[in-house]
Amino acid sequence: MSPHTTNGVSINEDAENTYFQTNPSPKALTKHQALALEFIQYHLENAPDRRIVLVTSGGTTVPLENQTVRFIDNFSAGTRGATSAEYFLQEGYAVIFLHRQFSLLPYSRHYSHSTNCFLDFMEESEDGERVVVRKEYQEKMRRVLQQYQYAKNNRLLLLLPFTTVIEYMFELRSLATLMQPIGSRALFYLAAAVSDFFIPRDRMEEHKIQSREGRGGSGRQLVINLDPVPKFLSNLVHSWAPKGSMIVSFKLETDPSLLVSKAEQALDRYQHDLVIGNMLMTRKWEVVFISRDGGERWIRVPKTRRSKSFSGIEALVGKAERKPDSEPVDLEGG
Ligand code: 9Z3
C-alpha cells in the first residue's frame with residue numbers, strides 16, 4: 001500500500017507495515033494486551049463515564065545486539081510520566097502506565113533510590129521489636145500510601161513495562177487500538193523519551209559484538225548504522241487512537257531557539273491536540289503549551305517554589321504560576 005492522506009497528513013502505511021512485519025513483537029505483548037483489555041472492560045462496565053489515560057514514560061533503548069549486551073539509551077528517568085500519572089489519578093482518571101522497565105513509578109517514585117534510599121525513611125522502634133517509619137516522614141508517607149492503596153484497590157492503575165523502542169511501538173499501537181471503545185473519554189499523554197533512530201532486526205548482530213573485529217570502520221572501530229524510526233504519531237492520531245480522543249505529545253529540545261517552532265511544526269504535522277515543549281535543562285521548571293488555537297502558553301514554577309524533590313508535573317498543574325509573558329527562568333541563579 002502507498003501513503004494516503006487524512007486531514008492533509010500523509011500516513012505512510014508502507015512504513016508502518018514494514019516496521020511491524022520486519023521487527024519482532026515483544027514477548028510480553030499478548031499478556032499486556034490481555035491485561036489492558038481486562039482493565040478497559042472493567043472501567044467501561046463499572047464506571048462508563050470514567051476517563052482513561054495512556055501515559056507513556058521513561059526512555060526507550062536501542063539494542064545493538066539481538067542477545068543484548070549493549071544498547072543506546074537516553075536520560076529520561078520517568079519523572080514526568082510517573083508524577084503526571086499521580087495527578088491524573090487524583091483527577092479521577094484510570095491510568096494505563098506504559099513505562100520503561102525499572103524507571104520511576106507513580107507513588108513509589110517518592111522513595112526512589114535515585115533521590116533517597118528508602119532505608120533512610122525507616123528506623124527500629126524503641127523496643128527494638130519492629131521497623132517503623134521515622135516520625136518526620138510519617139505524614140507524607142501516610143498520604144502517599146493512602147493514594148497508592150486507593151488506586152490499587154479500585155484498579156485504577158495498570159503498569160505495563162517496555163524496554164526497547166521496538167517494544168514501545170508495538171505496545172503503543174496495540175494499546176491505542178484496544179482503547180477504541182473508550183472513544184472521546186480516552187486521553188494519550190506521550191511523555192516517554194522515544195528514540196528517533198534504531199537498528200532494524202535484519203541488520204542487528206545476533207551475538208555480543210566483539211572488540212577485535214572491526215564493524216564497518218577501519219581497524220577496531222565500531223560504526224553503527226541506524227535507521228529512522230517511522231513517525232508513528234501520525235498513525236496514532238489518524239488510525240490507532242479512538243476518534244475524538246485527546247492526544248498530547250511532548251517535544252524535547254536542547255537549543256532554546258528551536259523549541260517553539262519545533263513544537264508548532266509537530267502540532268501542524270500531526271494535527272493532534274496539544275504539544276508540550278520542554279528543554280532538557282529546564283524541564284522541571286518550565287514548559288510551553290502549544291495548542292491548536294494558535295496559543296503559546298508558558299508555565300513556569302517560580303524560583304522560590306523549586307526544590308530538589310520538586311518533580312515536574314507541578315510545572316503543569318497545581319503549584320505552577322502562569323506567567324505567559326515572563327522571561328525564561330534563570331536556573332543558574334535559582
Ligand atoms: C518529554 O519531553 C518529557 O517531558 C521528558 C521528561 C522525557 C523530557 P523525565 O522522564 O523527562 O522526567 O526525566 N518527552 C518527549 C520526548 C520525545 O521523545 N519527544 C519526541 C521529540 O521531541 C516527540 S514524541 O521529537
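Whatever order the structure lists them in is the order used to number ligands and atoms, beginning at 1. Everything numeric here is computed off the predicted structure, so don't read it as measured data.
- In this structure, Q67 places its CD atom where more than 12 heavy-atom neighbours from other residues, nucleotides or ligands lie under 6.0 Å away.
- For the 3.5 Å distance criterion, the side chains of Y189 and S84 qualify, holding a donor opposite an acceptor.
- Geometrically, ligand 1 and A191 share a nitrogen or oxygen pair separated by less than 3.5 Å.
- Within the listing of ligand 1, atoms 7 (C), 16 (C), 18 (O) sit less than 4.0 angstrom from a heavy atom of A193.
- Closest to atom 25 (O) of ligand 1 by heavy atom, among K231, K251, R80, is K251.
- Residue L252 has at least one N or O atom closer than 3.5 Å to an N or O atom of ligand 1.
- With a 4.0 Å cut-off on non-hydrogen atoms, N278 touches ligand 1 through its side chain and not its backbone.
- Considering backbone and side-chain N/O atoms, G78 comes within less than 3.5 Å of an N/O atom of ligand 1.
- Distances between N or O atoms of D196 and those of ligand 1 include no value under 3.5 Å.
- Between the side chains of H43 and E38, no donor-acceptor pair of N or O atoms lies under 3.5 Å.
- Taking every heavy atom of T79 and a limit of under 4.0 angstrom, the matching atoms of ligand 1 come to 9 (P), 10 (O), 12 (O).
- Geometrically, ligand 1 and R283 share a nitrogen or oxygen pair separated by less than 3.5 Å.
- A donor and an acceptor atom, one from each side chain of E65 and H207, are nowhere located under 3.5 Å apart.
- Judged purely by atom type and a 3.5 angstrom limit, T56 uses its side chain to pair as donor or acceptor with the backbone of A192.
- Of all the listed residues (S103, S84, A192), A192 holds the heavy atom that lies closest to atom 15 (C) of ligand 1.
- Y148 OH: 12 or fewer foreign heavy atoms inside a 6.0 Å radius.
- Between the side chains of N46 and R155, not a single donor N or O lies within less than 3.5 Å of an accepting N or O.
- Side-chain polar atoms of S291 and D293 form a donor-acceptor pair below 3.5 angstrom.
- Remark: the backbone N or O of H238 is not paired with any side-chain donor or acceptor of Q271 at under 3.5 angstrom.
- Close N/O approach between F250 and ligand 1 is found [any backbone or side-chain N/O within under 3.5 Å].
- Less than 4.0 angstrom separates some heavy atom of V194 from each of these atoms of ligand 1: 18 (O).
- The nearest protein atom to atom 10 (O) of ligand 1, hydrogens excluded, is given as S76 OG, 2.6 Å; this is a heavy-atom distance.
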